[in-house]
Amino acid sequence: MNSFPVGPAVDAAPSPLLKNLNPEQLAAVTAAAEPALILAGAGSGKTRVLTTRIAWLLNTGQVSPGGIMAVTFTNKAAKEMLTRLSTMLPFNVRGMWIGTFHGLCNRFLRAHWKQANLPQAFQILDASDTVSAIKRVIKAMKLDEERFVPKQVGWFIAGCKEDAQRPGDVEVRDDQTKTLVEIYANYEDQCQREGVVDFAELMLRSYELLRDNAAIREHYQRRFRHLLVDEFQDTNKLQYAWLKMFAPPGVDNGQSLLAVGDDDQSIYAFRGARVGNMADFEREYRVRKVIKLEQNYRSFGHILDAANELISRNSQRLGKTLRTDAGLGDPIRVQEAPSDFAEAQWLIEEIQGLVRGGLDRQQIAILYRSNAQSRVIESALFNSGIPYRVYGGLRFFERAEVKHALAYLRLLENPNDDTSFLRVVNFPTRGIGAKTLENLQDAAKASGRSLYQSVSAMSGKGGANLLAFTNLIDSTRNLTQGMTLREIIEQVLETSGLADFYRTDKDGAERLENLDELVNAAEAFVMQEGFGKNAVGLPVDEVAESGTPGAVPDAETGEIMSPLVAFLTHASLEAGDNQAQAGQDAVQLMTVHSAKGLEFDAVFITGLEEGLFPHENAMSDHNGLEEERRLMYVAITRARQKLSLSFCQTRMLHGQTRYNVKSRFFDELPEAALKWLTPRNQGFGSGFAREYQQAWDRGSGLKGMVGAGRVEKAAWVEPPVPASMKQKVSNEHGGLRVGKGVFHTKFGEGVLLTLEGVGTDARAQVNFGRHGTKWLALSVAKLTPID
DNA sequence: CCACAGGTTCTTTTT
DNA sequence: GAACCTGTGG
């Protein structure tokens, strides 16, 4: 059964589209209309395969645009796909459903809001909105926030939703869980009352509607002939179940679900991603053959060798080895630095060298495991005047002043949105204090109504102030009737007092600029989306798409939904870029996680120390370590030409100095691909890192290593020990020194952290990296100093 | 209501 | 080290 005209089946006819594809890519692009699994290694041309396949399907008349659904995880990936497609195809790409999981859910729910039991203008809570909503529930239940940490409760709720469990479905084993489920239930009621949904709810609500409504489900199954899923290894249980609703397994109805993924790049298990979905998919859909894309078009040989060797240590793999036709290229440079400070200094020198050599700064990436590591590097870059760009800070729509403005805008559309109400009811201050709000919340709870609806019941001074606030909202709503989006926002900024507040605030200038930027963003949004669309960029004809059971056109008139609702949705779903100077030629700084999917000519992976990378919190179990290794694999495979790895003996973390051992990953890389810039084991964890550094700068230090290859035995000239450190130097025991490396027959290499006691009571604290930090009795433990 | 001091915590993160 | 929360005093 097919509601779209479909052309005759076409063989892989010669077509300019298919030129220059390798045999595996060609097989993937022209795979038959049946379930298929593509194992696409890093840099194997995955996006190209996906887009080419869509174009090929359309060009050969196998499907019409409306029959295509392509799902990604990030807005960026979705945009990339759309951009590439629009250059490949002679027609508008709008009829296809291409977007993120959440974006498509939103599109779906906007069309079926009635059946999904949502208000038409439902709003989407972002991560921080969700936490504050949960916090309110916990407060209202008078629970201990120590025991029920809002953020953790949020993880619990999201976890339940991702398992498609409503409060009634959760198995309660203990009191803690019982209360958590109660919070979950109350949170759900609260969201429903306020007409808001969180990210997980977008998925779950769509899933349930498809599951429970056969007419809708069958409609979409008939409609979508070809479904393509990117980054399949990152799907969670619910997302996979959601996909099955659109294209059920084991049903021979001519639908094709094509999953593309790389189990080796699965780095989001910690937030519910199930790599196992790939194996499940293969089994449940009876995939006849798995196509492996192993030809890498990105990196040189040494880099790929390192990646292959490293990942081969993982036990749970579908199995895949990258290969390249490019030569070996430069070896991977390895630098040991005395301190994080020195590491940053080294990065500066390297980057200056690369830039002198003609490399664009934006082709250089500095990667780290955790955000906290960026600070030292940033300050070094700043001091040396190298432009840089940090990814992953606060993003545009997450800035406080922007969220305030958005809260006012949301209240215009939906005054029952208590989250927004509370955010701005007293900002700027209107004499509405905690006590007043407490009373209001009690009244709201007692009557089961929203805060806004409960204002009229309030008396006294607080009540008067509250009434002034709701009057402000109401009058602004009236005032902005018929205005353009731009005018509405400008009006709100003025009447709310936000603009005035930041105008008088002594450091409000920047915030004011961001509010201006919000107006611009809205303007750009309207221009880009055009007015032929309603909320969330859904073409109007699509809402009213004939044959979609129960699809509800906007209001009774079929009018275009307000651009404001569309813009608010856009703001939640796409937190926006976090940088103003995006176009500038700047060095790129980011965590390894956010580097996934990107590539650079030169990559620096920094902070390769036990406890940091692999991270200590991930090392407790086997799966955690394997995920860290995949993370390292992702990091390595970002590099096209030059890759450098670095680690430090000491690092400031959480305000205190840590002595580090180099990451175990160094032992898992092929020696032949590495070039050590510093001699190995030259003295670990020196507590005098900075003094050494300064001594080095004065001319002592390591001699004769410049320009050499790997230095096995270099002359280490002991720099003079500064007087200020004399005290610590006496901190010795039988050749052992605090801050120096030691060797233990069982635990291996470590760094001596502390020496205590005398004689038989003498004890030593040693950081053995992967074996942890241990206290040892020196009368028993055989510790030998490493020179 | 607000400004400030102290205590606490601290992976990774898109939507 | 810094961000975030809570409690105190004006």
Side-chain angles (χ1 to χ4, degrees), chain A residues 71-78 99-106 124-132 135 145-146 149-152 154-155 158 161-162 197-204 230-231 234-236 238-239 266-273 340 367-376 379 391-395 397-398 400 426-437 461-462 465 536 569-576 578 590-597 607 611-620 624 627-628 630-632 634-635 651-658:
Chain A
V71 202
T72 65
F73 272 84
T74 63
N75 290 306
K76 201 175 166 191
T100 63
F101 275 102
H102 295 87
L104 295 184
C105 285
N106 176 59
I124 300 163
L125 302 180
D126 70 13
S128 64
D129 294 334
T130 305
V131 171
S132 53
K135 201 181 262 179
E145 276 195 42
E146 301 266 289
V149 186
K151 215 194 229 165
Q152 288 168 2
W155 293 336
K161 290 187 178 184
E162 281 162 14
V197 296
D198 62 27
F199 288 131
E201 187 70 26
L202 279 174
M203 290 290 323
L204 182 53
D230 195 12
E231 307 275 18
D234 287 336
T235 51
N236 62 36
L238 179 59
Q239 285 158 338
S266 158
I267 55 175
Y268 287 111
F270 74 92
R271 65 168 198 227
D340 49 352
L367 308 184
Y368 34 79
R369 174 67 234 265
S370 62
N371 281 309
Q373 289 164 249
S374 75
R375 179 151 274 109
V376 212
S379 77
Y391 283 77
L394 204 52
R395 288 177 308 178
F397 288 114
E398 291 167 357
N426 197 38
F427 191 91
T429 51
R430 304 186 171 87
I432 300 168
K435 195 75 211 161
T436 307
L437 287 175
K461 184 159 152 285
N465 289 340
V536 267
T569 306
H570 167 79
S572 311
L573 238 33
E574 237 180 288
N578 48 350
M590 66 193 85
T591 63
V592 180
H593 280 92
S594 37
K596 193 167 87 157
L612 242 197
F613 198 0
H615 198 278
E616 53 201 349
N617 296 1
M619 283 194 289
S620 50
E627 179 146 321
E628 293 291 303
R630 290 192 293 269
L631 202 47
M632 181 67 184
V634 168
R651 175 180 295 280
M652 281 291 274
L653 206 64
H654 305 325
Q656 56 187 0
T657 306
R658 284 169 48 131

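Every chain is numbered from 1, with letters handed out A, B, ... down the list of sequences.
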Going 5' to 3' through nucleotides 10-15 of chain B and flagging B where a protein heavy-atom sits under 4.0 Å of the base, S where only the sugar-phosphate is that close, and - otherwise, we get BBBBBB
One character per nucleotide, please: for nucleotides 4-10 of chain C, 5' to 3', B when the base has a protein heavy atom closer than 4.0 Å, S when only the sugar-phosphate does, - otherwise. -S-----
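Using a 4.0 Å cut-off between charged nitrogen and carboxylate oxygen, K596(A) and D234(A) count as a salt-bridge pair.
Within the 4.0 angstrom heavy-atom criterion, only backbone atoms of the sugar-phosphate kind lie near I432(A); the bases stay farther away. Counting any heavy atom pair closer than 4.0 Å across all strands shown, N426(A) reaches sugar-phosphate atoms only and no base atom.
Residues that satisfy the ring pair (Phe, Tyr, Trp, His ring centres under 6.0 Å) test with H615(A), not counting sequence neighbours, are absent from this structure. D198(A) is linked by a side-chain hydrogen bond (donor to acceptor under 3.5 Å, both in side chains) to K161(A), Y187(A), counting only residues two or more places apart in sequence or in another chain. Residues passing the ring pair (Phe, Tyr, Trp, His ring centres under 6.0 Å) test with F199(A), sequence neighbours excluded: H102(A). Take F101(A) and apply the ring pair (Phe, Tyr, Trp, His ring centres under 6.0 Å) test, not counting sequence neighbours, and it matches F73(A), W242(A).
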Before giving the answer on side chain to side chain contact (heavy atoms under 4.5 Å, CB included), spell out for I267(A) and V634(A) the whole-Å C-alpha distance, their side-chain angles and the decisive distance to 0.1 Å. CA-CA 9 Å; I267(A) 55 175; V634(A) 168; 4.1 Å; yes
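Atom NZ of K151(A) is separated from atom C1' of dA3(C) by 11 Å (rounded to the nearest Å).
The structure places CG of L437(A) at 6.5 Å from CD1 of I432(A), a figure rounded to the nearest 0.5 Å.
Glycosidic conformation, dT12(B): anti, with the torsion outside 90° of 0.
Ring planes of H593(A) and F270(A): perpendicular class, angle over 60° (limits at 30 and 60°).
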